[in-house]
Amino acid sequence: NELSSTDSDSECYKYWVEWFIYAEGNEYFCEVDEEFMLDRFNLTNLPPLPHYHKALELITDRIPEKPMSEEMRDEVERTAKHLYGLIHARFITTTRGLLKMQEKLKRGDFGRCPRVHCLLNPLLPVGLTDVPSQQAVKLYCSRCEDIYNPKSRKHNLVDGAYFGTSFPHMLIQSFKIKPPPSEQRYVPKIFGFQIHSVATLHRWQDEQREEQKKRLGPLYAE
């Protein structure tokens, strides 16, 4: 749907962001507040990006000063997606960002832990590094405190730096929603015997056999 010329800047701003967060594969992202996007202080020390200003204009739906070629538009679009991801990583560690991500957590937007004994505990996105283009996003379970790969191939292509290493832990501490750890553990067994018990028995038998060989050495030699 095209926006009419009477739409406010705020409504225009939401158009690109809503298009981005509702695009397939971007379900983990929340909508960054307009005020945050337009505050230069929040954008300080970002890595240098090609066509940075044009990309920021695109994200906020500001009318560019000069028309762009199709090739330039594609380059700006790529930068805009990356820029939004970097800003998103900063926003979700603010009070407003944490609140928005908490709502997504409540809805189960990030999926649930595949570990049986975690009882479908909701997951949170996390980065293994804050450096872009190093690792894809992972999903953190606050019950077993382990991480998992997303099920969707598209989610496996999302940069983990767009969520950062601190976000899930900040959210859990901010809202005091750390679940009790699961006391249940799967115990592998063979014919009803725990594997580690069987292995211990086998080692003891081997040791006894070796001891017997030493004591009866001459008989074995015969």
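The model shown is predicted, which means the values in this text are computed figures rather than measured ones.
Follow the hydrophobic side-chain contacts under 4.5 Å out from Val131 and you never reach Val126; the two are in separate clusters. Hydrophobic clustering (side-chain heavy atoms under 4.5 Å, transitive across Ile, Leu, Val, Met, Phe, Trp, Tyr) groups Phe167 together with Ile177. Cluster annotation: Leu123 and Leu119 are assigned to distinct hydrophobic clusters (Ile/Leu/Val/Met/Phe/Trp/Tyr, side-chain heavy-atom contacts under 4.5 Å, transitive).
Note: Thr44 OG1 to Arg40 CZ = 12.0 Å, rounded to the nearest 0.5 Å. Taken to the nearest 0.5 Å, the CG atom of Leu98 stands 7.0 Å off from the OG1 atom of Thr93. Distance check: Leu99 CG to Thr94 OG1 gives 8.5 Å after rounding to the nearest 0.5 Å. Note that the SG atom of Cys113 and the CD1 atom of Ile147 stand 11.5 Å from one another [nearest 0.5 Å]. Rounding to the nearest 0.5 angstrom, the gap separating the CZ atom in Arg62 from the NE2 atom in His53 is 15.0 Å. Here the NZ atom belonging to Lys154 is positioned 13.0 Å from the OH atom belonging to Tyr28, to the nearest 0.5 angstrom.
Between the Arg112 side chain and the Leu120 main chain, a donor and an acceptor come within less than 3.5 Å of each other. Side chain of Thr79 to main chain of Pro50: a donor-acceptor pair is present (N/O by atom type, distance under 3.5 Å, no hydrogens or angles). Looking only at distances, a side-chain donor or acceptor of Lys100 sits under 3.5 Å from a matching main-chain atom of Glu31.
Within the 4.5 Å cutoff, the side chain of Leu38 has no heavy atoms near those of the Leu56 side chain. Side-chain contact check for Asp109 versus Glu27: every heavy-atom pair is 4.5 Å or farther apart. Side-chain contact check for Glu145 versus Lys178: some heavy-atom pair is nearer than 4.5 Å. You'll find the side chain of Leu46 reaches within 4.5 Å of the side chain of Tyr52, heavy atoms only. Counting heavy atoms from C-beta on, the side chains of Thr60 and Trp16 never come closer than 4.5 Å. You'll find the side chain of Met72 reaches within 4.5 Å of the side chain of Ser69, heavy atoms only. Contact check for Phe110 versus Pro122: no side-chain heavy atoms found under the 4.5 Å cut-off. Leu124 places a side-chain heavy atom less than 4.5 Å from the side chain of Ile172.
Heavy atoms of other residues, nucleotides or ligands lying less than 6.0 angstrom from CZ of Arg185 number more than 12. Heavy-atom contacts from other residues, nucleotides or ligands closer than 6.0 Å to CZ of Arg153 number 12 or fewer. Heavy-atom neighbours of Tyr22 OH from other residues, nucleotides or ligands within 6.0 Å: at or below the threshold of 12.
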**OP:** Test ring-ring contact (aromatic ring centres under 6.0 Å, His included) on Trp19 and Tyr15 and set out the steps.
**Re:** CA-CA 6 Å; Trp19 166 82; Tyr15 179 75; 8.3 Å; no
**OP:** List the steps, then state whether side-chain contact (heavy atoms from CB on, under 4.5 Å) holds for Asn42 with Phe91.
**Re:** CA-CA 8 Å; Asn42 297 322; Phe91 176 70; over 6 Å; no
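Nearest heavy-atom pair, Ile92 versus Cys30, reported as atom, atom and distance to 0.1 Å: CG2-SG, 3.9 Å.
Counting only residues at least two apart or in different chains, salt bridge (Lys or Arg N to Asp or Glu O under 4.0 Å) contacts with residues 70-96 comprise Asp33-Arg96.
Salt bridge status for Lys106 with Glu103: present, with a side-chain N to carboxylate O gap under 4.0 Å.
Using cut-offs of 30° and 60° on the angle between ring planes, the pair Tyr162 and Phe29 is tilted. Using a 30° and 60° split on the angle between ring planes, Tyr84 and His88 fall in the tilted class, from 30° to 60°.
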Scan the side chains in residues 133-143 for donor-acceptor partners under 3.5 Å anywhere in the protein, sequence neighbours excluded, and list what turns up.
residue	atom	partner	partner atom	Å
Lys138	NZ	Asn149	OD1	2.6
Ser142	OG	Asn121	ND2	3.2
Arg143	NE	Cys118	O	3.2
Arg143	NH1	Pro180	O	2.9

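Val116 pairs by the side chain to side chain contact (heavy atoms under 4.5 Å, CB included) definition with nothing, not counting sequence neighbours.
When the options Ser182, Pro181, Cys144 are evaluated for a side-chain contact (heavy atoms from CB on, under 4.5 Å) with His117, the one that passes is Ser182.
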